[in-house]
Amino acid sequence: MSQADRKPHVALLAQHLGVEVDLDLLDQATTHRSWAYEHGGAAENERLEFLGDAVLGLAITERLYKLFPKVDEGHLAKLRAAVVNARACAEIAVSLDLGAYMLLGRGEEVTGGRAKTSILADAMEAVLGAVYLSCGLDVAKDLILRLYADLIAGAVDLGAGLDWKTSLQEAVAEAGLGTPQYAVSDSGPDHAKEFSAQVLIAGTVLGAGTGRSKKLAEQQAAERAYGVLRGPHDA
C-alpha cells in the first residue's frame, strides 16, 4: 500500500482505538524506519515511540501507585516492569492487529516484520505517543489503562516471576538442577539488531526468546522456561 492510500486505512485503526487521533500522526506511528529509509527519509515512528514510552510509563506507574498504597518502591518497580516491556506492548499490538497497519521496507516485509515483537512493541508505543499529542494526557492515560487492564491485573499475580531470570534461577536451584545457562545470538544490521536467546537447564533447552536487546531476549526465554518448570502464570 502506498502512503497516499493510507488515510482510510489508518482511520480504521483510529476507530479500533476509539479515540480521535490525528491521522497524519497515526500514519507516522505505523511507519517503520525501514520503509522511511527506502523512500527518501520519510517520517518514521521512532520519535513518537520515544514519547509514547514515557507516557506509557507514567500511566502505568500512576495506576500501580494508587492500586498499592502500601507497596514499597522496589516492588512497584518490578510490577511496572512486568507491564511496561516489549513483550507486553507486542501483545497489545497483536490484539489491535497493528501489524496489518504497518508500512515496512521490503526486507522487513519478506522476513515477517509484521509479527516481530520488537517492531510491534515500538509501533504500539508510537501509537500511544500519537494519541498523547493529538488528544492530551488524560485521553492517552485512559486508553492505556483500557488496553493494559488485563496485564496490570496479571502482574499482581506474578509473584516472584516479576524478574524472570531471578525467578528461574531460584526455581532451578530449588529443584537441584544446577544453574541456568543462556545462549544468545544476534542478527540484522547494527542499527536494527534482533537478539535470540535460549536457556538450558541441565543441558536441555527449556525456553527461547527474542528481543531488541540481549536482556529482553534472555528475560523472555527465562519466563518460558519458568513456565515449563512451574506451570504458566495467569497473566
Side-chain angles (χ1 to χ4, degrees), residues 1-17 19 21-57 84-134 140 143-144 147-148 184-198 208-221:
M1 176 182 295
S2 70
Q3 199 166 35
D5 299 327
R6 291 266 291 168
K7 278 288 175 68
H9 196 58
V10 295
L12 289 175
L13 176 58
Q15 184 177 354
H16 201 176
L17 291 169
V19 294
V21 59
D22 181 273
L23 296 185
D24 288 331
L25 283 173
L26 195 55
D27 183 21
Q28 183 179 344
T30 51
T31 299
H32 189 254
R33 63 178 176 269
S34 61
W35 192 94
Y37 177 79
E38 291 178 6
H39 292 80
E44 39 80 18
N45 66 4
E46 289 189 345
R47 281 173 54 85
L48 285 172
E49 172 207 339
F50 174 78
L51 180 60
D53 176 65
V55 176
L56 173 62
V84 182
N85 59 65
R87 179 184 58 81
C89 284
E91 286 181 11
I92 300 300
V94 169
S95 74
L96 295 169
D97 197 21
L98 192 56
Y101 297 93
M102 295 292 298
L103 278 177
L104 299 176
R106 291 186 296 273
E108 290 291 356
E109 193 72 72
V110 300
T111 57
R114 294 185 189 279
K116 284 186 179 178
T117 295
S118 58
I119 289 177
L120 290 174
D122 291 349
M124 188 65 243
E125 290 182 340
V127 166
L128 296 176
V131 172
Y132 167 74
L133 289 179
S134 300
L143 175 63
I144 288 166
L147 293 176
Y148 284 75
V184 181
S185 61
D186 61 75
S187 60
D190 288 341
H191 69 278
K193 280 192 179 297
E194 181 87 3
F195 290 83
S196 299
Q198 291 183 324
T210 60
R212 288 188 65 184
S213 69
K214 177 181 176 182
K215 179 180 179 180
L216 286 173
E218 288 182 341
Q219 284 287 345
Q220 189 178 92

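Please read all numbers here as calculations on a predicted model, not as lab measurements. Residues take their numbers from the sequence shown, with the count starting at 1. As a basis for the values below, the full set of heavy atoms in this structure was taken, side chains included, without hydrogen atoms, waters or symmetry mates.
For the pair Gly105 and Ser34, the tightest heavy-atom approach, listed with the atom from each and the gap, is N-OG, 2.8 Å. Heavy atoms only, all atoms of each residue included: Gly211 and Ala217 are closest at N-CB, 3.9 Å. Taking both residues in full, the closest heavy atoms of Leu48 and Leu25 are given as CD1-O, 3.6 Å, listed atom of the first, atom of the second, then distance. Closest approach of Val184 to Ala197, counting heavy atoms only: CG2-CB, 4.0 Å.
Within the 4.5 Å cutoff, side-chain heavy atoms of Arg114 are placed close to those of Glu109. In this structure, the side chains of Leu104 and Ile119 come closer than 4.5 Å at one or more pairs of heavy atoms. Between Leu128 and Leu143, the closest side-chain pair of non-hydrogen atoms falls below 4.5 Å.
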Working for side-chain contact (heavy atoms from CB on, under 4.5 Å), residues Asp22 and Leu133:
CA-CA 8 Å; Asp22 181 273; Leu133 289 179; over 6 Å; no

Let me see the working for Glu46 and Asp122 under side-chain contact (heavy atoms from CB on, under 4.5 Å), right down to the final yes or no.
CA-CA 8 Å; Glu46 289 189 345; Asp122 291 349; over 6 Å; no

Name every donor-acceptor pair, under 3.5 Å, that has one atom in a side chain of residues 88-103 and the other anywhere in the protein, sequence neighbours excluded.
| residue | atom | partner | partner atom | Å |
| --- | --- | --- | --- | --- |
| Glu91 | OE2 | Arg87 | NH1 | 2.7 |
| Ser95 | OG | Ile92 | O | 2.6 |

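Atom CG of Leu23 sits about 12.5 Å away from atom NE2 of His9, to the nearest 0.5 Å. Here Glu49 contributes atom CD and His32 contributes atom NE2; the two are 9.0 Å apart, rounded to the nearest 0.5 Å. Distance check, rounded to the nearest 0.5 Å: CD of Gln198 to OG of Ser185 gives 7.5 Å. Between the CG atom in Leu26 and the CG atom in Leu13 there is a gap of 4.5 Å [rounded to 0.5 Å].
Checked options His39, Glu38, Arg33; the residue passing with Trp35 is His39 (criterion: side chain to side chain contact (heavy atoms under 4.5 Å, CB included)).
Using modelled atom types, one side-chain atom of Gln220 and one backbone atom of Thr210 make a donor-acceptor pair closer than 3.5 Å. Looking only at distances, no side-chain donor or acceptor of Gln28 sits under 3.5 Å from a matching main-chain atom of Asn45. Although no hydrogens or angles enter the test, the distance criterion places no donor-acceptor pair under 3.5 Å between the side chain of Ser134 and the main chain of Val21.
Around the NZ atom of Lys193, the shell of radius 6.0 Å holds more than 12 heavy atoms that belong to other residues, nucleotides or ligands.
In this structure, Glu194 does not pair ionically with Lys116, as no charged nitrogen and carboxylate oxygen lie closer than 4.0 Å.
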